[in-house]
Amino acid sequence: MSPSSASLERVFELLLAVDPRADEQALIRRIAQLERLKSAAAAAQARAAAALDAARRSAEAAAGVPRPRRGRGVASEIALARRDSPARGNRHLGFAKALIHEMPHTLAALERGVLSEWRATLIVRESACLDVEDRRALDAELCGDPAGIDGMGDARLAAAAKAIAYRLDPHAVVDRAAKAEHERCVTIRPAPDTMTYLTALLPVATGISVYAALRRQADTTFDGRSRGQVMADALVECVTGRSAATAPPVAVNLVLSDATLLGGDETPADIAGYGPIPAEVARGLVAAAVGDRRSRATLRRLYAHPRSGALVALESRARLFPRGLATFIGLRDRRCRTPYCDAPIRHNDHAQPHANAGPTSAVNGIGLCERCNYVKEAAGWRVVAAVDQSGTHTAEFTSPTGERYSSSAPPRGPTITVSELEVRIGVALARHAA
Ligand SMILES: [Zn+2]
């Protein structure tokens, strides 16, 4: 039975009250109590998540949904309710099911506040390669007596879980390592001061050999650059085939206002797949592209709503053929439009499905990542896209339980408009590029 929202508010008030004039000992005790409350809340969330998953699956079974398609989208619903990304929703649900169905001692330790949600997640993660029976054994051995784990640091706790897993089933741990190789990948994320972290996840032997090759380069180069600089430059040269000093000849979509491009205005520009960059840096990139014979720079005109700054259309002369429209939606949305998702766009999807007479238009089109596109196809999801009074593109997601969540296309700042000057610059850039 769920308490009414009014009585719940009252309970929250009592549970979360902090008296700033309380003495020091009382304050420390309050912090410990609240920490315990967070852990207990995480355990309760896990119970609710596992129950939701079970309820949905049995309802879908009764409705004749084939087994592989049952429960699709539940992780995304949990993510939305927790204001978290769908990828984390998946982890939350996996964590919940493992605790509820296979790891009662870890669940109890979480409930009593002996473990935090993160520390319980570490144990679940290290036991993920085991079969149910071994997992239960690990659970009992590590968390059967909570005194045993009290005081362990995160690293020690994960190592203890790993050691037990290895003893119970050495093959599973080795198989997991082999499976992890499939997850090798390269990712990029912004770093402070207009730098970026380019990260490669590699099998340990490969990663070490790449690092050793770069270090060898640093050991044999003496030209005033630091070791770190030599290694970074060598990496760029090996990958792009060009010296690190010149811009790599690959296409980047840079979105900036005419005012930013022509100087004066400091509204940041945006690189698709990266994020905002300072106006000064954007102007430098354009200047370098124009000045370098081997580079090409082309301008595409985008219309922004004068008040909200949201992109409302592509160049007016362009007909809305699918590729132009897809480009527009990608530049407008930048990231998957599911709230909290942030994953790169992989599909331009019809908010109102094409099969239900949803038009192929900028308004009805939304950018979604692979996972969210898949989830949206599941029964019970509905998305309504619109342009609101301020000119912002909005998408309202309704989940199978009727909860509503909405997202807006990111604003561009008020200065992105089409201008005569931009056209002339466009011609100049094209001439340089030719
Ligand atoms: Zn997504």
Side-chain angles (χ1 to χ4, degrees), residues 45 49 52-53 56 68-96 121 182-183 185-190 197 199 201 253 255 270-276 310-311 322 325-356 358 360-387 392-412:
Q45 272 184 327
L52 171 71
D53 184 69
R56 180 68 51 78
R69 282 175 44 201
R70 289 178 209 158
R72 188 201 275 188
V74 171
S76 288
E77 291 174 67
I78 291 166
L80 285 165
R82 293 187 59 164
R83 300 179 198 272
D84 215 340
S85 74
R88 291 227 191 93
N90 217 23
R91 215 162 68 196
H92 294 318
L93 179 57
F95 171 77
T121 305
H182 287 282
E183 286 163 16
C185 63
V186 176
T187 52
I188 190 166
R189 67 197 161 90
Y197 294 108
T199 310
L201 180 66
N253 262 324
V255 178
D270 188 86
I271 292 184
Y274 173 84
L311 297 182
L325 189 58
T327 304
F328 169 72
I329 292 168
L331 290 171
R332 180 194 66 197
D333 292 351
R334 293 194 232 176
R335 296 270 166 181
C336 175
R337 282 292 294 276
T338 302
Y340 318 110
C341 184
D342 277 351
I345 293 173
R346 291 272 177 264
H347 298 274
N348 288 296
D349 198 24
H350 292 75
Q352 183 189 343
H354 194 55
N356 299 350
T360 303
S361 67
V363 173
N364 195 45
I366 50 169
L368 290 178
C369 72
E370 205 147 0
R371 178 198 301 268
C372 294
N373 186 52
Y374 179 72
V375 163
K376 185 179 158 285
E377 304 295 307
W381 286 88
R382 208 176 67 230
V383 182
V384 177
V387 174
T392 302
H393 187 266
T394 61
E396 188 181 69
F397 292 71
T398 306
S399 75
T401 58
E403 301 296 315
R404 289 177 188 191
Y405 308 90
S406 65
S407 76
S408 306
R412 291 281 175 187

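Whatever order the structure lists ligands and atoms in, that order sets their numbers, starting from 1. Hydrogens, waters and symmetry mates play no part in the numbers below; they use all other heavy atoms, side chains included.
- Annotation: the span from H393 atom NE2 to R337 atom CZ amounts to 5.5 Å, rounded to 0.5 Å.
- For the Zn ion (ligand 1), the set of protein N/O/S atoms nearer than 2.8 Å consists of C336 SG, C341 SG, C369 SG, C372 SG, ordered by chain and number.
- When side chains are defined from C-beta on, S406 does not count as touching F397, because their heavy atoms never get closer than 4.5 Å.
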Quick one, F95 with R88, criterion side chain to side chain contact (heavy atoms under 4.5 Å, CB included). Give me CA distance, side-chain angles, the key distance, then yes/no. CA-CA 10 Å; F95 171 77; R88 291 227 191 93; over 6 Å; no
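- A distance-only check finds a donor-acceptor pair linking the side chain of N364 to the backbone of Q352 [under 3.5 Å].
- Contacts of D53 classified as side chain to side chain donor-acceptor pair (under 3.5 Å), with partners at least two apart in sequence or in another chain: R57, K97.
- A donor-acceptor pair under 3.5 Å is absent between the side-chain atoms of N373 and the main chain of H347, judged by distance alone.
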